[in-house]
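Structure first, then comments.
Residue numbering restarts at 1 for every chain, and letters A, B, ... go by the order of the sequence lines. These figures come from a predicted structure and were not determined experimentally.
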Amino acid sequence: EVHLVESGGGLVQPGGSLRLSCAASGFTFSNFAMNWVRQAPGKGLEWVSYVSSYSTTIYHADSVKGRFTISRDNAKDSLDLQVNSLRDEDTAVYYCARDLHGTYDGSNYYPGAFDIWGQGIMVTVSS
Amino acid sequence: QSVLTQPPSASGTPGQRVTISCSGSSSNIGSNYVHWYQQLPGTAPKLLIYRNNQRPSGVPDRFSGSKSGTSASLAISGLRSEDETDYYCVAWDDILSGMVFGGGTKLTVL
C-alpha cells in the first residue's frame, strides 16, 4: 500500500528552525515529483514547495522563499523540508504529497495533481 | 486573499446537483490544468478531479469537473450527506511560478 509519513514537527520559537521529513513506501519514490502543502489552523490549503523526481526542478512559494528548502533522497525514499527563520504565520499542519501527471516544457518540470498525501505534521511557532 | 476565488459556502438538498466555482486569471486557470480536492474534518485532502475533468480511480462519477476560459467548476450530482465538507481548487500560476489554491468552499447538505 502506498504511504507517506511525516515527522519532525513540534513547537519552536520564532526565528527557530526545524527539519520536516516524509518517508515514502509502497511505490517507486524516484519516479515521482513531490510537494509540501500546509494548512494553518482553521484556514485553507497553501502550497509550499515542489521538487521534481531527480531534484532538477525546485519551486518554493513566495511566502517561504529564502527560508524553506525542499530536498529529497531517492536512495532513502525520503523527502525533507528544512524550515528556517520561522514566523508565527508558519504555524500549520504540513503535508507531504505525491505529484501526479506533472508537465515538462523541455527545461523545467511543473507540478500536477497531488494524488497521495501524508497524515500531516503540526508545526507550532510560538514564544 | 487567495489567487483563485471560490465561494466560501454552497448548499444543496440530498439528491440535488450542486456546482462549486473557481475563478482565476489567464496566468493560472486560463493556461493550466485545474485540480480539485475534498477535505473531511481532521483529515488530509483527497484528490477528486485532476487535469480539469479527470477522475482518479475510486472517485464516484457523481463528481465531475469542467473548465472554460479562466474559470473552473466542480459539480456534484446525487448529493449525499457524506458530501458535506470542504472543497478546494488549485492550479499552477505562470507569473507566481507556484501552485495557487482557492480559499475553499464549505458544502452543506440541508
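For A:Asp62, the part lying near chain B is the side chain, with the backbone staying farther off; criterion is any non-hydrogen pair under 4.5 Å. When heavy atoms are compared at a cutoff of 4.5 Å, B:Thr43 approaches chain A solely by way of its backbone atoms N, CA, C and O. Heavy atoms closer than 4.5 Å to chain B are found in the side chain of A:Leu100, but not in its backbone. Heavy atoms of A:Val37 lying under 4.5 Å from chain B belong exclusively to its side chain.
Between A:Leu45 and B:Pro45 the shortest side-chain heavy-atom distance falls below 4.5 Å. A:Asp115 places none of its side-chain heavy atoms less than 4.5 Å from the side chain of B:His35.
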Original post:
Should A:His101 and B:Gln54 be marked as a side-chain contact (heavy atoms from CB on, under 4.5 Å) after you check the CA-CA gap, both sets of side-chain angles, and the distance that decides it?
Top reply: CA-CA 11 Å; A:His101 294 317; B:Gln54 302 299 301; over 6 Å; no
**OP:** Could you give me the CA-CA distance, side-chain angles and deciding distance for A:Gln39 and B:Tyr88, then say whether side-chain contact (heavy atoms from CB on, under 4.5 Å) is met?
**Re:** CA-CA 12 Å; A:Gln39 187 170 34; B:Tyr88 294 90; 3.4 Å; yes
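Ring-centre distance between A:Tyr50 and B:Trp92: not below the 6.0 Å cut-off.
B:Ala44 approaches A:Gly118 most closely through the heavy-atom pair CB-O, 3.3 Å. Taking both residues in full, the closest heavy atoms of A:Gly112 and B:Met99 are given as O-CE, 3.4 Å, listed atom of the first, atom of the second, then distance.
No chain of hydrophobic side-chain contacts below 4.5 Å, direct or via other Ile, Leu, Val, Met, Phe, Trp or Tyr residues, connects A:Tyr94 to A:Trp47. Under the 4.5 Å side-chain contact rule for hydrophobic residues, A:Leu18 and A:Val93 do not share a cluster. Tracing side-chain contacts under 4.5 Å through hydrophobic residues (I, L, V, M, F, W, Y), one reaches A:Val83 starting from A:Val123; they form part of the same cluster. Transitive grouping of hydrophobic side chains (ILVMFWY, heavy atoms separated by less than 4.5 Å) keeps A:Ile70 and A:Tyr109 in distinct clusters. By the rule that hydrophobic residues join a cluster once side-chain heavy atoms approach within less than 4.5 Å of another member, A:Ile116 and A:Leu81 end up as members of one cluster.
Distance check: B:Gln39 CD to A:Trp117 CH2 gives 7.5 Å after rounding to the nearest 0.5 Å. In this structure, the separation between NE2 on A:His60 and OG on B:Ser97 is 12.5 Å, given to the nearest 0.5 Å.
More than 12 heavy atoms of other shown residues, nucleotides or ligands fall within 6.0 angstrom of atom NZ in A:Lys65. Dense packing is recorded around OH of B:Tyr50, with more than 12 heavy atoms of other residues, nucleotides or ligands lying under 6.0 Å away.
Between B:Phe101 and A:Phe114, the ring-plane angle classifies as tilted under the 30° and 60° cut-offs.
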